[in-house]
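Below you'll find the structure, written out as structure tokens, and then a few comments.
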Amino acid sequence: MKSLILSLLVFLILQPVVAQRYDALRNSMVRTQLETRGINHSATLEAMRKVERHLFVPATYQKYAYDDGPLPIGYHQTISQPYIVAYMTQLLAPKAGDRVLEIGTGSGYQAAILAEIVKEVYTIEIVNELGERTKKLLDKLGYDNVHVIIGDGHKGLHTKAPFDAIIVTAAPEEIPQPLIDQLKDGGRMVIPVGPEASTQTLMLIEKRDGGITKTNLTPVRFVPFTRKKESGSNL
């Protein structure tokens, strides 16, 4: 009993210390990795300071959570480099009343960042086990404005369209037409495009008066955009 009580006391003492260390690492990440690289969208910076990235990676990698790079999250997927998450979020220019569609839920970190800024986030994950795990995490963290859907992101989510913004976190070889169709007039989409075996290009898609403008931004490397082999109805 004494041993159990001692262990509990040590745990209770160490928890605030660990939390403060992660807070310091997160604030340092924002200063050194984001602000110095031109991230200046105030809502994005505030969200990056607030969301605890270490909670979205496996325990083995939590000590690296605020490093300047991606990390594996299982199922052959990764959590993107903090700068890329912030950069893509800033490109969307998200606003408080927006409804955003994300393709590629992954760890849920990008969805959580957006959820701190916008009204609603609908996020689609094709890997069933990963989607279910992330849904439980987001629910546990209180993100009741994030809706996780298991399915084929190529189809988008026409039942909730149009969206103020769409963000894609896996790279197709071509931009899926359903995503363009489901983007609201005046909306923005950020998407990496290109073959799996080479560097892709991050693109900004803007819809104005029914027309589409495509802007090539920077070379990136994302996991490939996968599709379900079986046919099925649109979401």
Side-chain angles (χ1 to χ4, degrees), residues 22 26 30 41-58 62 65-66 70-71 73-75 77-82 84-170 176 178-179 182-184 187-192 222-223 225-226 234-235:
Y22 279 132
R26 192 161 53 255
V30 171
H41 183 251
S42 59
T44 296
L45 290 171
E46 182 178 349
M48 296 293 291
R49 289 190 191 99
K50 182 177 179 180
V51 178
E52 298 177 295
R53 190 172 187 258
H54 63 278
L55 300 180
F56 293 85
V57 301
Q62 286 189 345
Y66 300 103
L71 292 170
I73 58 170
Y75 307 99
Q77 305 298 307
T78 61
I79 182 173
S80 294
Q81 173 189 13
I84 290 295
V85 173
Y87 180 51
M88 292 176 73
T89 303
Q90 177 169 279
L91 286 168
L92 290 180
K95 301 180 292 297
D98 284 354
R99 296 167 65 253
V100 179
L101 174 64
E102 178 190 31
I103 308 300
T105 310
S107 69
Y109 180 62
Q110 176 71 80
I113 293 294
L114 288 166
E116 294 288 344
I117 304 171
V118 305
K119 181 179 180 180
E120 285 186 296
V121 179
Y122 292 87
T123 178
I124 302 176
E125 174 56 54
I126 198 169
V127 181
N128 183 75
E129 296 86 350
L130 180 58
E132 293 294 344
R133 185 183 81 185
T134 298
K135 182 181 187 304
K136 289 178 183 177
L137 174 62
L138 291 167
D139 287 345
K140 179 181 177 182
L141 295 175
Y143 286 105
D144 55 4
N145 61 335
V146 177
H147 312 283
V148 179
I149 298 102
I150 310 297
D152 187 342
H154 186 277
K155 303 172 185 178
L157 192 62
H158 74 88
T159 56
K160 299 296 182 180
F163 296 95
D164 298 286
I166 298 176
I167 186 168
V168 183
T169 59
L179 301 186
Q182 292 172 30
L183 187 63
K184 183 181 292 186
R188 291 181 159 210
M189 173 164 56
V190 179
I191 179 171
F222 277 81
V223 296
F225 192 114
T226 54
N234 287 351
L235 294 167

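Numbers here are sequence positions counted from 1.
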Non-neighbouring partners of Arg133 that pass salt bridge (Lys or Arg N to Asp or Glu O under 4.0 Å), sequence neighbours left out: none
Parallel, tilted or perpendicular: which describes the rings of His54 and Tyr22, with under 30° parallel and over 60° perpendicular?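 It falls in the parallel class, under 30°.
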Going by the salt bridge (Lys or Arg N to Asp or Glu O under 4.0 Å) test, which pairs reach into residues 137-151, not counting sequence neighbours?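 Only Lys135-Asp139 qualify under salt bridge (Lys or Arg N to Asp or Glu O under 4.0 Å).
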Scan residues 87-107 for pairs that pass salt bridge (Lys or Arg N to Asp or Glu O under 4.0 Å), counting only residues two or more places apart or in two chains. Lys95-Asp98, Arg99-Glu120
Does [X] have any side-chain contact (heavy atoms from CB on, under 4.5 Å) partners at least two apart in sequence or in another chain, and if so, which?
X	answer
Thr44	Ile39, His41, Met48, Ala86, Thr89, Gln90, Ile117
Leu137	Phe56, Leu141
Asn145	Ala115, Tyr143
Lys184	Pro162, Asp164

Please enumerate all residues that pass side-chain hydrogen bond (donor to acceptor under 3.5 Å, both in side chains) together with Lys50, with sequence neighbours excluded. Glu116
Exam field: side chain [X] to backbone [Y], donor-acceptor pair closer than 3.5 Å:
X	Y	value
Thr169	Gly104	yes
Thr134	Gly106	yes
Arg188	Ala165	no
Glu125	Gly131	no

Partners meeting ring pair (Phe, Tyr, Trp, His ring centres under 6.0 Å) with Tyr122 (sequence neighbours left out): His147
